[in-house]
Amino acid sequence: MVGHTGGPPVLTAGGVIADIEHGEAVRAKHLYGPEMRRRDIMVGLGALASHEASAATFPWLSPDLPDGTRAEAHLVQIPNKQPLIQLSDRPPNLETPIQAFRTGITPNDQFFVRYHLAGIPGARDLDNWKLEIGGDAAEHPARLGLQDLNDLPQNEVIAVCQCSGNRRGLVQPHVAGVQWGNGAMGCASWHGPKLRDVLDRVGIKPGAVEVWFGGVDEPVLPVTPEFRKSLPMSKALADETIVATTMNGSPLPLLNGYPVRLVVPGWTSTYWMKHLSQIAISTIPIDNFWMQKAYRVPAGMFAVEQPFTSQNNEQTWPITEITVNSLIASPIGGEQVDRSGFTIGGVAWDNGSGIERVEISLDGGKSWQDSLLDRELGRYAFRTFRLDTGPLPRGAAELRVRATGNNKQTQPDVWKANPAGYHNNVPQRVLVTVV
Ligand SMILES: Nc1nc2c(c(=O)[nH]1)N[C@H]1C(S)=C(S)[C@@H](COP(=O)(O)O)O[C@H]1N2
Ligand SMILES: [Mo]
């Protein structure tokens, strides 16, 4: 295992979040003794602190979210994380508050958490972690440890990890699924060997069509399908696709995939397998619920540069590339702003073509002006932007933001409705009061 301080947090069987790594056990027990329910450990940002707190107390929860979500969503404080918005408990689905997107890199302790299965691993389950690589198109299967990965040539990529369902909760009419607001995403610097170099350790036979991936989390009920995903060979062998052993210079937080996760820059994070423990190079397409039923969009609805042909059918395609998007993180909705002028700031990102332009409207979309783009951290990274508004008339104002990629894709005025609520990239609206 890699050495690290402040062990990763663990969800115990009883559903109480505790931290059992090393000396942290005592502190965790003290802070959140096993008798305490999760609801009791909620804290607020700053002075906010009550599990009664809801829409009225958290103005930064978008008004577009379903009422039920606005009432239920609350901040939780878990070890080694700042307060995150809890949207579900088992499995844990935790959203990053919008304030975190004022910088291009999302700190590990503010990074969102998404799981499909309640049987998520604790740190002890990962002590004997190994990565098994095989499949019918592998020349000679192998079992690698962390040191084997560290011995391969190392790469860094700064890339946005965005859930396919980010902003699903903001679409109208509402659709089923985790009701994410704007924070089911983050951008980090990921470090580790290329997947290609890992696959070369076992050798790829001719005839390989996909690489399949599994992690150590397991369904609690036998009827629940295991979470397994696959990539086409083109994306698996691409320069940017890595097996990350660190995140922002530290070991991965437990809930973000410790000790190793797949990083697939430009693609939504459903493919970014956490606690990666199985890789199979395969001559046949994977056939399971998570690839063939879930995470799919109507065929041809969203332009992609690299089709995933082995998984396409006539009606639907797997969701793959991120669509161009942008977010104002300052000011936030409901805030009062100064009529002498204020600075608007946030982030924009796309599938890796890179951000060419971010426009801002101060009048609800009637007129637009270019913002200033900060230095690019990498083509898969968040690009921060800002605009000094200058003086504005008093009263209500509606800000909007719209990004365009180097590939000329831009954000549509109307969401391309699809059953799962994916790819919601209509320009965000932020209502503020100029005083
Ligand atoms: N092992 C495992 N990996 C996983 C998942 C999962 O449920 N289990 N969910 C995927 C999905 S849909 C998303 S959005 C990202 C979330 O990554 P994060 O929890 O680090 O933010 O992990 C991906 N990798
Ligand atoms: Mo996701």
Side-chain angles (χ1 to χ4, degrees), residues 8-9 11 78 80-82 84-88 90-97 100-101 106-122 125-126 129 131 159-169 177-190 212-220 224-231 241 243-248 250-265 267-279 288-291 293-297 318-322 420-424:
L11 276 179
I78 62 170
N80 301 330
K81 289 277 188 192
Q82 306 266 346
L84 295 172
I85 305 164
Q86 182 173 284
L87 295 170
S88 81
R90 290 198 68 182
N93 283 306
L94 307 167
E95 173 169 334
T96 301
F101 302 112
T106 315
N108 290 2
D109 65 2
Q110 289 180 277
F111 218 88
F112 82 108
V113 175
R114 199 267 185 269
Y115 278 99
H116 294 79
L117 310 172
I120 71 171
D125 303 323
L126 296 162
W129 172 88
L131 177 55
V160 174
C161 174
Q162 182 187 218
C163 180
S164 316
N166 192 29
R167 302 194 180 182
R168 171 193 287 134
V178 180
Q179 297 299 303
W180 299 110
N182 293 292
M185 63 171 192
C187 179
S189 138
W190 311 93
W212 304 1
F213 304 94
V216 303
D217 38 336
E218 293 291 344
V220 169
T224 311
E226 286 182 326
F227 187 69
R228 300 280 183 268
K229 299 290 292 191
S230 69
L231 289 177
T241 302
V243 174
T245 55
T246 74
M247 174 174 173
N248 293 330
S250 300
L252 300 170
L254 179 66
L255 294 173
N256 299 109
Y258 180 85
V260 159
R261 89 177 297 170
L262 192 65
V263 166
V264 191
W267 285 30
T268 67
S269 48
T270 179
Y271 299 97
W272 297 40
M273 187 63 68
K274 301 192 281 187
H275 322 291
L276 178 66
S277 59
Q278 291 170 41
I279 297 180
N288 72 11
F289 174 81
W290 299 107
M291 287 298 297
K293 298 283 184 289
Y295 289 106
R296 299 186 69 92
V297 291
I319 189 170
T320 56
E321 295 170 30
I322 291 173
Y422 295 145
H423 286 325
N424 177 9

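Just so we're clear, the structure is a prediction, and the values are computed from it rather than from any experiment. Counting starts at 1 for both ligands and their atoms, following the listed order.
- Between H275 and ligand 1, a contact under 3.5 Å exists for no N or O pair.
- Between the side chain of D217 and the backbone N or O of Y115, no donor-acceptor pair lies under 3.5 Å.
- In this structure, atom 13 (C) of ligand 1 lies nearest to the protein heavy atom S269 O, 3.5 Å.
- In this structure, K81 forms no cation-pi arrangement with F111, as its terminal cationic atom is not both closer than 6.0 Å to the ring centre and no more than 45° off the ring axis.
- When the heavy-atom distances from atom 20 (O) of ligand 1 to M273, R114, R261, H116 are ranked, the shortest goes to R261.
- Across all non-hydrogen atoms, the minimal contact from C161 to S269 is SG-CB, 3.4 Å.
- Heavy atoms of L255 found under 4.0 angstrom from ligand 1 belong exclusively to the backbone.
- The option from Y258, W180, W272, Y115 that lies nearest to atom 24 (N) of ligand 1, judged by heavy atoms, is W272.
- Considering CZ of F112 and CD1 of I85, their distance stands at 12.5 Å, rounded to 0.5 Å.
- Atom 3 (N) of ligand 1 has as its closest protein heavy atom K274 N, 2.9 Å.
- Side-chain contact of R261 with N256: a donor-acceptor pair under 3.5 Å is absent, judged by distance alone.
- Close approach of ligand 1 to C163 (heavy-atom distance below 4.0 Å) involves ligand atoms 14 (S).
- Remark: K229 fails to qualify as a cation-pi partner of F213 under the 6.0 Å distance and 45° angle criteria applied to the six-membered ring.
- When hydrogens are left out, the protein atom nearest atom 4 (C) of ligand 1 is F227 CE2, 3.6 Å; that is the closest non-hydrogen contact.
- Pairing each heavy atom of T268 with each of H423, the nearest pair is CG2-CE1, 4.2 Å.
- Of all the heavy atoms in N166 and A184, the pair that sits closest is OD1-N, 2.9 Å.
- In this structure, Y271 has no heavy atom closer than 4.0 Å to ligand 1.
- Heavy atoms of F112 found under 4.0 angstrom from ligand 1 belong to the backbone as well as the side chain.
- Of all the heavy atoms of W290, none lies under 4.0 Å from any atom of ligand 1, so neither backbone nor side chain is involved.
- Heavy-atom proximity to atom 8 (N) of ligand 1, evaluated over L94, V264, D217, is greatest for D217.
- Classification of the H116-W290 ring pair by plane angle, with boundaries at 30° and 60°, yields perpendicular.
- Listed by number with element, the atoms of ligand 1 under 4.0 Å from a non-hydrogen atom of Y295 are 12 (S).
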